[in-house]
Every structure is written in C-alpha cells, then in structure tokens.
Amino acid sequence: MERAVVQVTLFGLLLVLASTLPNKDDWNIYSFHINSTVTSRYATTVITSRVANRMDDSKEIEFQVRIPKNAFISKFRMFIDGQVYDGVVKGKEKAQQQYTEAVSLGQSAGLVSSVGRTLEEFKTSVTVAAHKKVTFELTYEELLKRKLGKYELQIHARPMQPVKDFKVDVYINEKAGINFVEVKGGLSTKALANAITRTHADKQAWVYFYPTEDQQKTCDGCGEQGMNGDLVIVYDVNRDTSLGDIKTSTGYFVHHFAPSSLSRIPKNVVFVIDQSGSMSGRKMQQTRIALIHILNDLAEDDHFGLITFDSSIFHWKRELVQANKKNLESAKTFARNIQDRGTTDINAAVLEGARMLNAHPREGSASIIILLTDGDPTSGETNLERIQSNVRRDIADKFPLYCLGFGHDVNFEFLEKMSLQNNGVARRIYEDSDADLQLKGFYDEVATPLLTDVTMIYNGGTNLTQTNFSQYYNGSEIVVAGQITDNDIETFTPQVVAISRDRKVTFSDTNATMEYTGTDFDSHVQRVWAYLTVKQLLEKELLLSGPEKENVKKEALELSLKYSFVTPLTSMVVTKPLGEKTDVLHKPKEGGTTQGHSTGVPLPPPVQHPCV
Ligand SMILES: *[C@@H]1O[C@H](CO)[C@@H](O)[C@H](O)[C@H]1NC(C)=O
Ligand SMILES: *[C@@H]1O[C@H](CO)[C@@H](O)[C@H](O)[C@H]1NC(C)=O
Ligand SMILES: *[C@@H]1O[C@H](CO)[C@@H](O)[C@H](O)[C@H]1NC(C)=O
Ligand SMILES: *[C@@H]1O[C@H](CO)[C@@H](O)[C@H](O)[C@H]1NC(C)=O
Ligand SMILES: *[C@@H]1O[C@H](CO)[C@@H](O)[C@H](O)[C@H]1NC(C)=O
C-alpha cells in the first residue's frame, strides 16, 4: 500500500518534470541558412531561420543569434502566415520615448548584448499560432579589416537545435584576385571536414558548410542542442599595383591601399608597463612572458625603451638604446623581474615615455609608444582630462600612442579617447589564459612600419573619410571612401604621398585599376562609404564636446537612419502581430552594459488562426 503511494508520487513527479522540460517536438527549426556575400571586403550576411509550431496551442518562438561586434544590423523581418513584419530603425532617443510607457510596463530583457570578445547576441521572439510557421530574417553588414596579412569573416552557428536543412554559404568576390582562402574556427574540425567545401577561382571563392543532422549532434562542442561554434573564413587578396584597388559607383568611391613591396622602417618603441598592485598574479606573469617574446622579435636596427610604473617610475634605461643582443638580454632580465606593487600614475608614466621618444632622433624611423594598464589613474595626476591634455601636449602628433586595457577594471573609454587623440588605437586585452598571446598579437600588428606620414589625396573627391595616417604597417590596410564631385570620373585623381625611411614617396598610377560597379543605391561602394563615415563620426564624437559634439552626433544619426544601420545612436524596433509586446533593440557600447528592452504593451490577445 505504502509502496504504491510512493510509486504514484514518483510517477506524478516524473510527469511534472516531463511537462516542464522543453519538448523538442514543440517547435521545430526545419531550415537554418546563413548566407554571406563579401564584395571588396564588405560582407553582407543574411541569417534565415524557419520554424514550425507543431503544437495544438499557440507558442512563443524565440530567435537568438550571434553576430560580430564590428557589424551593423541593417534589416530584420519576420514572415508569419503570409504577413511580413519589417523591423524599423529609429533614432535611439525617439524609439525610447515612443516606447517609454511600454518599457516601464514590461520587464527589461537584454536583446542585443555583448558575448565574449567579438560577438553580440540578437534575441527576439514572437507568438506563433498552432501548426503555423514563422521565418526570421536578419541582415548585418561589416567591412572586414586586414590584420597580419589577412581578412577574417567570423560566422557563428548556433541554431539551438539540430536542423535538417542547415547551410552556411559564403561567396567572396574580389576583383584584385584572391591569394588564399582557409577555413578555421571551432567548427572546422576533423569530424566536420567532409561537411565543408571550399572552391577557389581567380577572383571568386566559395565556402559551403552543410553538416548533416547527425554531425550537428556529434561534433566538438555540439550536443542535443545542435551546433554551437564558429566558422572563420580567412583570406587575402593579391596586391600588384602600388596605388591599390579603387572602386567606384555612381558618385562614390572606395580605395584600398596596402602596398606590399616596401622595405621596413626601423622603429623606436617605448613600452610603458603598469606594475601596480592590481596587476598581481597571472596578469603580471603573462605580461612578463609577452614582453620577453616581443623583445626577442625586435630587429637589430630598432631602438627601444622600457619603463614600468606604479606610483613611481622605474627605468630599465633612461634613454632609448639599440636592440642589440647585449641590450636585449639585459632588458629581458629586467622584464623577468617586474613585480607588482603600489598604485597607478598613468600621467607621469606616459609623459616619461614621450620624453624618451622626444629625446631620441626620429629621422628615418617610426616612433611608437605602447601603454599597458589594467586600471584607472590613482596617484599623481588623476584628473582624466588633465592627463589627456598633458599627453597630447607632449606627444604633439609626432608619434602614435597605443593603449592596451588589460581586464575589465580599466576605464576603456578614457584609454580609447587618449589613443584617438594621439593617432593611435586602444585595444582590450581579455583576462584569460591567452592574454600573453593577445599582447604579442597586438605588437605584431605594429611591429613592421612601412610608411610614415601617409596622406591620401583625392582631387575631385569630397566628403572623404579619414585621409591622414601617421603610420602604415605591414599586414594592415588603409581604406578611404568618399564621394566623387559631380560624379566626374575624368577629373577624379587619387594619389598617395608618404615617407619611406627618409625618402618622400608618391603613389599615383595613371592607369590604376579603377573599377565601375554600377548605379545602385544599394551598391556596396556607397554602403562602405556610409559604414566608414558613421564609424569615424562615432569616434570623433567621443573627442568633442558642446555644440560640435551635437553636430557630429546629428550627422552620424542621419546617416545611420538613411542606411538603416543599428549603431549606438539608433534602435531597431521589431514590429509584431497585433497584441504582442514590442521589442526595441540597441547596440551595446564596447565594455558597456546591456541596454535592450522588451516592452509589455497591453494589447488585445493575438488573433488565432484556424488550423489548416
Ligand atoms: C545568397 O545571397 C546572395 C545575394 O543576396 C544571393 O544572390 C544568393 O542567391 C544567396 N544564396 C543562397 C544560397 O541563398
Ligand atoms: C610583410 O609581410 C609579408 C608576409 O605577410 C612578408 O612576406 C614580407 O616580407 C613582409 N615585409 C617586410 C618588409 O617585413
Ligand atoms: C557632402 O558634402 C557637401 C559639401 O561638400 C555637403 O553639402 C553634403 O551635405 C555632403 N553630403 C553628405 C551626405 O554628407
Ligand atoms: C593631412 O596632412 C596634410 C599634409 O601632411 C595636411 O596639410 C592636412 O592639413 C592634413 N589634414 C588633416 C585633416 O589633418
Ligand atoms: C599602365 O598600363 C600599361 C599597360 O598595361 C603598363 O605598361 C604600364 O606600366 C602601366 N603604368 C603604370 C604606372 O602602372
């Protein structure tokens, strides 16, 4: 008797468990396609997911995908029962206002949020009637950046279930000719090798990834939930003419400049290394390892300096010295013995680095200052604006400052601003087991200067993106886009003037490969211009204040709206069938917090469609 009761209870418990566990037959992703087209390094990717509700009741169906941080979402639509629901890109403030009431009624849900180092997650959902289907379609765009001699297109595949009809199609079209194509990433494993097809012609390449349902369950990192990983398409283009590739479409051009047959310029580099208490443990250990690798890679005609700082400054040597064997051995011994202690005086340390470079002859060489820090300034000058203006005054546009922010306690915006004010960039170093490789990887990007004082000149061009670059490094690329005045190709003449060691060089092929690509508003040339212009306006905005800031912001907002880019200034309002909550999607700031909202607008219940 007692036994029977127990059994019944257990059985009941199992029933409860079974009904709360997600039943994979509830809804079924019957097709999941990722289609990426890359034309002249501009990638447009469309993710299409088709889902069926197999239940006898209506059900909320989720769409959740990950896209590169560097990309702008440009379209989102849902197809439900013969109806199309187009997402609308609106000014962020406007979208916020419009939905404030709704936002305050509903619970907040992170709809676009940062995931890991390179990805952002996009998430929305919609209610689908019994035995009906929904198609989600998301489009995003990005300009691939050349780093260390290659472009990388990252595709994250995580459909949430094994899918019968799963396909990734990548098509690359490069008029300059494709040098090589490789497929890497966590999904490019032995178990999945036969699911990947790679074809490579002169100017085109195709990569297809069609894993079977079984493969989606058994690959590394895959399981009952199907695949979860990256496919990374790596390639480079041929570089023959020195002026590079110039593409035009009605009224617009984009210029890719990356000459390869140049000799390296000796560099003067000063490493400014934070050794404050917060660097203790693994961070300090990884920094020592990275520094020793970097020192090993210096060329004999390079000059270098090394200072560490906490509340005081510690010199290895007071002046820059040549990277000969004896000096390098001594510097490595110094690096091995760096110990963490004390607080952080960023101001004094960077100014001292600048003093050392200023005191060293720079003729015929390329000077660089690299700051590594993991925290806010806590001793000496701690006012951020005063530090920035001191640094700017002492560097005076003579060499770039690169700031590496180690871990999540840094004020990344402060470092980013300081780098941009001094012709450099800021990079985040993620606190992880490979931080030493991240540090070394960044150094490699700037290790081989080929040109300094690069000025890109476009007679007959207007509304240009950035045209002056303090240095050009082997393996990188300079990209400039603009408009062609009166669309007059005849008078449009591009030219590049730069310094190679101590020699002025001019690049101006009269018969450069000028390629005309069509008249479309949607032509990728025009979109590259818009993409780059928006990115650079957002950086500029960071440096300005007052009415100037507002003007730049306004300009960036107008362009974002015109090209329907979801940028930090705009939001995607997801329209849904009547009666459902509205989703407003914001792009998160680098290092910022999640800012998505799911709003609960009280509207009539969804219309139920009869089953067919
Ligand atoms: C991928 O997108 C391109 C451009 O929109 C289109 O021409 C092509 O047919 C698509 N490929 C597949 C397999 O859907
Ligand atoms: C630039 O990099 C390429 C390979 O990426 C290499 O072949 C070439 O020698 C490098 N140039 C210089 C000057 O180091
Ligand atoms: C391009 O530049 C002209 C002035 O040279 C300006 O009037 C126009 O608004 C600009 N267009 C865009 C889209 O920025
Ligand atoms: C770019 O450099 C040239 C020459 O070096 C200079 O005349 C010009 O003012 C610079 N332009 C900008 C926008 O800094
Ligand atoms: C221009 O093209 C002609 C013929 O293709 C070639 O001989 C010449 O070297 C080219 N000029 C330059 C500056 O590249």
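Order of listing sets the numbers, starting from 1, for every ligand and every atom in it. For clarity, every value in this text was computed on a predicted model and none was experimentally measured.
For F304 and F271, the ring centers are positioned 6.0 Å apart or more. Proximity of the aromatic rings of F122 and F76 is defined here by a centroid distance below 6.0 angstrom, and this criterion is met.
Close approach of ligand 2 to T448 (heavy-atom distance below 4.0 Å) involves ligand atoms 14 (O). Each of the atoms 13 (C) of ligand 1 lies under 4.0 Å from some heavy atom of D169. Interface of N35 with ligand 1, defined as ligand atoms under 4.0 Å from a residue heavy atom, comprises 1 (C), 2 (O), 3 (C), 8 (C), 10 (C), 11 (N), 12 (C), 14 (O). Every atom of ligand 2 is numbered from 1 in the order shown, and the set under 4.0 Å from a heavy atom of L262 is 13 (C). Which parts of ligand 2 touch R264 is read off a 4.0 Å heavy-atom cut-off, strictly below it: atoms 13 (C).
For atom 9 (O) of ligand 2, the nearest protein heavy atom lies 4.0 Å or farther away. For atom 14 (O) of ligand 1, a protein heavy-atom neighbour is present inside the 4.0 Å cut-off. Note that atom 5 (O) of ligand 1 has no protein non-hydrogen atoms nearby, at separations under 4.0 angstrom.
Using a 3.5 Å distance cut-off with no hydrogens or angles, the side chains of Y151 and R41 do pair a donor with an acceptor.
Classification of the F257-H255 ring pair by plane angle, with boundaries at 30° and 60°, yields perpendicular. In this pair, Y42 and Y531 present their aromatic rings perpendicular. The plane angle is above 60°, beyond the 30 to 60° band.
Of the N or O atoms in N474, one or more lie within a sub-3.5 Å distance of an N or O in ligand 2.
More than 12 heavy atoms of other residues, nucleotides or ligands shown are found within 6.0 angstrom of NZ on K398. Annotation: K535, atom NZ; neighbour count of heavy atoms from other residues, nucleotides and ligands within 6.0 Å is above 12.
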